*Asks:* 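Shown below is the structure under consideration.
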Number of protein chains: 2
Amino acid sequence: MTVPISASPVPAPVSPLKVTPASPLFLREDEIRRGIELLYFGYTSMIRGADAILEAQGLGRAHHRALYFIARRPGLSVGELIGLLGITKQSLGRVLTDLTGRELVEQRVGVADRRQRLLSLTPSGAALEARLFTELERSMARAYGEAGQQAVTGFWAVLMGLVPPDGRAQVEALQG
Amino acid sequence: MTVPISASPVPAPVSPLKVTPASPLFLREDEIRRGIELLYFGYTSMIRGADAILEAQGLGRAHHRALYFIARRPGLSVGELIGLLGITKQSLGRVLTDLTGRELVEQRVGVADRRQRLLSLTPSGAALEARLFTELERSMARAYGEAGQQAVTGFWAVLMGLVPPDGRAQVEALQG
DNA sequence: GAAATTGGGACAGTCATGTTGACTTATCTG
DNA sequence: CAGATAAGTCAACATGACTGTCCCAATTTC
């Protein structure tokens, strides 16, 4: 990455006014640690907003995650939800028993495959998920607004880069 | 959303070539959900890399977080660590008992205030933390490299925006 | 100097959420 | 029909958070 300058004796830096330029190779330990720490604090800050609502309902974050993905992809099967959450059938089972018992989630038999149980939110489940989403949205919308449109694109790009290549299709499929 | 057409017969859109322009106000629900989901999957993908090392040591993620912050700010007090982790004294107590019992962390009496116990890593603790950090670094460095320098700046900006204003000083103080 | 506050440790109990393993039922597919 | 798959269930267990209480030593305050 050396720029050959033959004629001029002292090669002047290209941008002398930038005091702390980011390393071109992104390899400095401090930059890695900054990312790790911001990811930790940013993530926990965002989800903390919904905790009060959940606690008032006697639910936990595991219930929230299930509600979120069922809202996002209504009609998904139990197996698909297990894959998204990355937990075992037994762990999800307890959460799903809670949610169906409270009539926040309902199941119906799959059409193509009658072994499947397709999940969707009841009206009250959708109302609760909307309240929870509003909390996350408040936090995320403020961050987007403060950082600006270009920053948001970078935010998405780095986060997608953190996901192992074989998992990216799943994330993309969830969206769009 | 009807467009009144009075004088000019067909008002041409301003940017007819942009197929899916990002909303200027960053308020479209899909953009919020994309951020929520990428943050969730990106965060879990990054930390998952260290789990195998931890499990081999019989330690958990709580131990990792404590090791990380002690490595980052050697000599910090128990109270400061509690503040960073956002957990109670009792919860941290068990983790710290484990780590000191395994001689990964050591405590010494505070100099200015002798009630304090200042935490630091032993050589073997530093070695373990370095191995764990290498795992996180591998993931983060790849994401930085794929996304590019400008994206990293945006990544940082959005994440800092997620942190409530009264908590940002603490995050900044951890760095630099 | 006495009293109140603070930093830290310890004990006991509880809850939420994850795990493994084994078994059952219904259904689909070769 | 035989085997594989989707889902549910029971039991046991591990982790990591919580609350509440009590204690000690050191510091700060009056």
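None of these values were measured; they are calculated from a predicted model. In what follows, chains are A, B, ... by sequence order, proteins preceding strands, each numbered from 1.
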*Asks:* Tell me the interatomic distance from Q57(A), atom CD, to dC15(C), atom C1', rounded to whole angstroms.
*Replies:* 18 Å
*Asks:* For a quick check of understanding: with a heavy-atom distance under 4.0 Å over all strands, which category does R94(B) fall into, base, sugar-phosphate or nothing?
*Replies:* base
*Asks:* Nearest-Å distance, CD1 (I82(A)) to C1' (dG8(D))?
*Replies:* 10 Å
*Asks:* So do V105(A) and L67(A) actually touch side chain to side chain, heavy atoms under 4.5 Å?
*Replies:* yes
*Asks:* Base, sugar-phosphate, or nothing: which does Q107(A) touch, judged by heavy atoms less than 4.0 Å apart?
*Replies:* sugar-phosphate
*Asks:* Checking all strands, does G93(A) fall into the base, sugar-phosphate, or nothing category for heavy-atom contacts under 4.0 angstrom?
*Replies:* nothing
*Asks:* Could you check whether the rings of F41(A) and F69(B) sit parallel, tilted or perpendicular, using 30° and 60° as the cut-offs?
*Replies:* tilted
*Asks:* Starting from C1' on dT19(D), measure out to CD on E55(A) and report it in whole angstrom.
*Replies:* 12 Å
*Asks:* Assess whether one donor atom and one acceptor atom, taken from the side chain of K89(B) and the base of dG7(C), lie less than 3.5 Å apart.
*Replies:* no
*Asks:* Go through the side-chain N and O atoms of Y144(A) and Q149(A) and say whether any donor and acceptor fall under 3.5 Å apart.
*Replies:* no
*Asks:* Does a side-chain N or O of S91(A) approach OP1 or OP2 of dT19(C) to a distance below 4.0 Å, or not?
*Replies:* yes
*Asks:* Taking only side-chain N and O atoms of R65(B), does any of them lie within less than 4.0 angstrom of OP1 or OP2 on dA17(D)?
*Replies:* yes
*Asks:* Could R33(B) and E129(A) be called an ion pair, given the rule that one side-chain N must be under 4.0 Å from one carboxylate O?
*Replies:* yes
*Asks:* From C-beta outward on H63(B), which listed nucleotide comes closest to its side chain: dG8(D), dG16(D), dT17(C)?
*Replies:* dG16(D)
*Asks:* Given dA10(C), dT27(C), dG21(C), which nucleotide is nearest the side-chain atoms of Q90(A)?
*Replies:* dG21(C)
*Asks:* Any salt bridge linking E31(B) with R28(B)? Criterion: basic side-chain nitrogen under 4.0 Å from a carboxylate oxygen.
*Replies:* yes
*Asks:* Nearest-Å distance, CG (L118(B)) to C1' (dA26(D))?
*Replies:* 14 Å
*Asks:* Counting distance alone, no hydrogens or angles: does the base of dT5(D) have a donor or acceptor under 3.5 Å from a partner atom on the side chain of R115(A)?
*Replies:* yes
*Asks:* Quick one: is dA26(D) close enough that its OP1 or OP2 comes under 4.0 Å of any side-chain N or O from R114(B)?
*Replies:* yes
*Asks:* Counting just side-chain N and O atoms, does T88(B) come under 4.0 Å of either OP1 or OP2 of dT19(D)?
*Replies:* no
*Asks:* Nearest whole Å is fine: how far is dT15(D) C1' from R61(A) CZ?
*Replies:* 15 Å
*Asks:* Choose from dA7(D), dC28(C), dA26(D) the nucleotide whose nearest atom is closest to any side-chain atom of D113(B).
*Replies:* dA26(D)
*Asks:* Within the 4.5 Å heavy-atom criterion, are F155(A) and L38(B) side-chain neighbours or not?
*Replies:* no
*Asks:* Rounded to the Å, how far apart are R108(B) CZ and dA26(D) P?
*Replies:* 17 Å
*Asks:* Rounded to the nearest Å, what distance is computed from the CG atom of residue L92(A) to the P atom of nucleotide dT20(C)?
*Replies:* 15 Å
*Asks:* To the nearest angstrom, how far is L85(B) atom CG from dA17(D) atom P?
*Replies:* 8 Å
*Asks:* Considering only dT17(C), dG7(C), dT19(C), which nucleotide approaches the side chain of Q116(B) most closely?
*Replies:* dG7(C)
